[in-house]
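Computed from a prediction, not measured in an experiment: that's the story for all the values here. Throughout, a chain's letter reflects where its sequence line sits, starting with A, and its residues are numbered from 1.
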Amino acid sequence: MAAERDSDVRAPQAVSSDGAVYETATGRAEAHYYHFSHDKAGMGSVDKAKVAAVVHSMSEGSSFYRNEERRDARIQQQIEGMRRRWQALREGGLELEGAAATARRERAAMETRRRLDRVWVVVDMDMFFAAVEMRDKPELRDQPMAVGGTGMLSTANYAARKFGVRSAMPGFIALKLCPSLVIVRPNYDKYKAAAKLAKQVFRRFDPQCVALSLDEAYLDVTDAVSRKLGGLPAAEMAAFHEAVWDVVAAIRRDVSVATGGLTCSAGAAPNAMLAKIASDMNKPDGQCLVPFDAGSILGFVGALPLRKLPGIGRVSETQLGGLGLRVVADVRDEAARLHCVLSPRMATWLHRVSLGIAESGRSGSEAGAQYRRKSISLERTFRDEGSLAALQATVAKLASKLSLQMQGSKAAAEAGSSGADGRQAEAGRAGSEAGAAEDDGVQAARPPRGHVPGFFGMADSDSDSDDAGRPKVRPAMRGRTVTVKLKLASFKVLQRSATLAEPTNSAEVISAACKRLVAQESERFKAAHGGRPLVLRLLGVKMHGLVFDDDVDEEERAAAGHMCKLDDGSDEDDGADGGSPERADSAVVGQGRRPVLRAVLDERLRQMRRHSQQSQQQHPAKRARRQPGGSSGQRSLSGFVSIS
DNA sequence: ATACATACC
DNA sequence: CACTGGTATGTAT
């Protein structure tokens, strides 16, 4: 989480090639838009050692903590293996020389693909949930507060952060750190309403903007910047940067006005990855512009701690740290060696992002590609339970709930409150924000679709209409593979899956399959543990291998004897158009149609995550992934700016 | 195809 | 009191 800086009237800044922040000549625009300043403290004044001690004392000896220790031990072991390989690489050795050649070729090819002709902006609402609560209850404003429950927090305001309270922190630990902390239960409807207002602003700057979560959006503002430049060739880079700066300031100002004073932070850059990183650098209530030239970009990314890269989480950071790599420039310098120690994908991905290169086009969506979810799941945490009958009852409930969601909006609507289960309306969802600092980690990223109010205590997670008020159609789907997730009382997680002969969304079929898997595992556990029962703290049911009813192919249409033409070209999440469920980056389906919103979102997710993950075994970290070729047909700014 | 692990919000 | 929930994807087997 970017160190919180004070926020009032920050001069426009950009980062120069050495990673330092410089001022542009564009101070005025935001000077009068931004007013209040959260005290700069943020986490800056937190006594980290003390916080760590408290957190540790609260966790020590718990099942959770013991599980974490096992996990850490495993990771450390992997790192040992990596380190040995790393050190065994000899200068001048065959392997390393070969890798060096690969890395050189790779870099040259990547530089070829660098694009500086699109302007991306990532907007991130500041401590979103908490900000909404504070806006609506002034008495909370000067009070340390967080949104969530005693189990888990979603987000905390800055007063609370001073005590070390963070997103994704269990509420009971937060209360130890800050006894006066006020924990407010989430009011998702309010957050959604606020997000909707913000989105209306985003749409004015980019009609195809994508909301990645309630509190975060991605915008391609290239056209808005062009307009700002009024068609005049902004031969000067400074004038171009100023225009970008002003557009971002305008977005933030308008969001604040539209939402009744909520603030946001934003980053602008030639690609979404850089914009995302930049959005975190001047929060809260600030913005950061990454200059549109390769030299500055290399300096900017090079100085970043690896953890700042979307896709590098706690584990990858630790692994790379074990090799002595701390900032992005380190991996750039060690690209060859990394090719010898990491999986090819991970190595290539790291190399590419270390150069600040990422997809900058709108890709798939522009060709009318359609987003289709790959899986749908529900899971539930409960008190340790060792009775198989009780566990199976939960499985049945999850299965029927999932079945309902898979049957689309009609089924969900008809189900009404029957699915009830009001009793478990507990904490519902809470924190987010894996691990480290980062933004505000408002999680509720994507409300489960077809969610029936009340089941998990998240009332009305999805409204019946989209942002434009059109009725939302949630397509029915079936899945071929069912997976049950079991979290033991020890926090160890197991998963067992089975592929069915036919795709289904029947509650009975799903339930039966899941129960069988759970029963099997229960037996296996008893056999292996001298008859001790399998005690769980969580059960989950997931389906993948999905086929959508509105996504049938030609033969099916013919056989069904009707046209499944549901898509009107609107940006419905799941309009039908016969697109395949896979990526269709190059599929030129429906040229003139508006891209499906979700497809764009999917694109963003890919760009940011594609690279995450890694796996333990031998290869420590993430992977890489080549992006589909840059999309064409986009207006370029090259007429306005000289691109180096 | 299955299992596990990581990441993101 | 008490360490979430949902989706995606990489890697290994």
Novice: What residues, two or more places apart in sequence or in another chain, satisfy side chain to side chain contact (heavy atoms under 4.5 Å, CB included) together with S57(A)?
Specialist: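 Partners of S57(A) under the side chain to side chain contact (heavy atoms under 4.5 Å, CB included) test: none.
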Novice: Work out which heavy atom in V132(A) is nearest to a heavy atom in A194(A); give both atom names and the distance.
Specialist: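 V132(A) and A194(A) have their closest heavy atoms at CG2-CB, 4.1 Å.
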Novice: Nearest to the side chain of Q495(A), heavy atoms from C-beta on, is which of dT4(C), dA1(B), dA3(B)?
Specialist: dA3(B)
Novice: R166(A) has an atom CZ; how far is it from atom P of dC8(B), in whole Å?
Specialist: 13 Å
Novice: In whole angstroms, how far is the P atom of dT6(B) from the CD atom of Q78(A)?
Specialist: 7 Å
Novice: Looking at R71(A), does any N or O in its side chain come under 4.0 Å of the phosphate oxygens OP1/OP2 on dT6(B)?
Specialist: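 R71(A) to dT6(B) OP1/OP2: side-chain N or O found under 4.0 Å.
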Novice: Would you say R537(A) places a side-chain N or O within less than 4.0 Å of OP1 or OP2 belonging to dT4(C)?
Specialist: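 So the side-chain polar atoms of R537(A) do come within 4.0 Å of the phosphate oxygens OP1 or OP2 of dT4(C), strictly under.
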Novice: So, is T381(A) close to the dC3(C) phosphate, meaning a side-chain N or O under 4.0 Å from OP1 or OP2?
Specialist: no
Novice: Do the side-chain N or O atoms of T150(A) get closer than 4.0 angstrom to the phosphate oxygens (OP1, OP2) of dC1(C)?
Specialist: no
Novice: For dC4(B), does OP1 or OP2 lie under 4.0 Å from any side-chain N or O of K487(A)?
Specialist: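 K487(A) to dC4(B) OP1/OP2: no side-chain N or O under 4.0 Å.
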Novice: Taking atom P of dT4(C) as reference, at what distance in whole Å does atom NZ of K542(A) sit?
Specialist: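 So the two atoms are 17 Å apart, to the nearest Å.
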Novice: Heavy atoms from C-beta onward define the side chain here; which of dC3(C), dC4(B), dT2(B) lies closest to that of R496(A)?
Specialist: dC4(B)
Novice: Which heavy atom in R161(A) sits nearest to a heavy atom in M127(A), and how many Å separate them?
Specialist: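 Nearest pair, atom of R161(A) first, then M127(A): NH2-CB, 3.6 Å.
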Novice: Using a heavy-atom cut-off of 4.0 Å across all strands, would you classify S59(A) as base, sugar-phosphate, or nothing?
Specialist: base
Novice: Let's see if you can work this out: which of dA8(C), dC3(C), dA7(B) has an atom nearest to the side-chain heavy atoms of Y371(A)?
Specialist: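 Between dA8(C), dC3(C), dA7(B), the one nearest the side chain of Y371(A) would be dA8(C).
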Novice: Applying a 4.0 Å non-hydrogen cut-off, can you work out what L538(A) is touching in the nucleic acid: base, sugar-phosphate, or nothing?
Specialist: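 Counting heavy atoms under 4.0 Å across all strands, the contact made by L538(A) is with sugar-phosphate only.
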Novice: Distance alone, cut at 3.5 Å: any donor-acceptor contact between the side chains of D124(A) and S265(A)?
Specialist: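 Judged by distance alone, the side chains do not pair up.
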Novice: Measure from CD1 on I277(A) to P on dC8(B) and round the result to the nearest Å.
Specialist: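 Going from CD1 in I277(A) over to P in dC8(B) covers 11 Å.
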Novice: Side chain of D215(A): nearest nucleotide among dG6(C), dC9(B), dC4(B)?
Specialist: dC9(B)
Novice: Closest nucleotide of DNA chain B for I75(A) versus for T481(A): which of these residues is on the 5' side?
Specialist: T481(A)
Novice: If I take atom CZ in residue R373(A) and atom C1' in nucleotide dG5(C), what distance separates them, rounded to the nearest angstrom?
Specialist: 13 Å
Novice: Can you find a side chain N or O atom of S375(A) that sits less than 4.0 Å from OP1 or OP2 on dA8(C)?
Specialist: yes
Novice: Is the shortest side-chain N/O distance from R307(A) to OP1 or OP2 of dT6(B) below 4.0 Å?
Specialist: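 Indeed not, no polar side-chain atom of R307(A) lies that close.
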Novice: Whether S343(A) contacts dT11(C) is assessed here as follows: a side-chain N or O lying under 4.0 Å from the phosphate OP1 or OP2. Is that the case?
Specialist: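 It does, given that an N or O in the side chain of S343(A) lies less than 4.0 Å from OP1 or OP2 of dT11(C).
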Novice: Could you work out the separation of dA7(B) and dC3(C) based on their P atoms and round it to a whole Å?
Specialist: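 Those two atoms are separated by 22 Å.
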Novice: Expressed as a whole number of angstroms, how long is the span from F172(A):CZ to dC1(C):C1'?
Specialist: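 Between C1' of dC1(C) and CZ of F172(A): 9 Å.
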Novice: Just to verify, what does T481(A) make a side-chain hydrogen bond (donor to acceptor under 3.5 Å, both in side chains) with, not counting sequence neighbours?
Specialist: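 T481(A): side-chain hydrogen bond (donor to acceptor under 3.5 Å, both in side chains) contacts with T499(A).
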Novice: So, are K487(A) and D384(A) salt-bridged, with charged N and O less than 4.0 Å apart?
Specialist: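 Salt bridge: no.
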Novice: Can you tell me the distance, in whole Å, between the CD1 atom of I376(A) and the P atom of dT9(C)?
Specialist: 16 Å
Novice: Tell me the interatomic distance from N67(A), atom CG, to dC4(B), atom P, rounded to whole angstroms.
Specialist: 13 Å
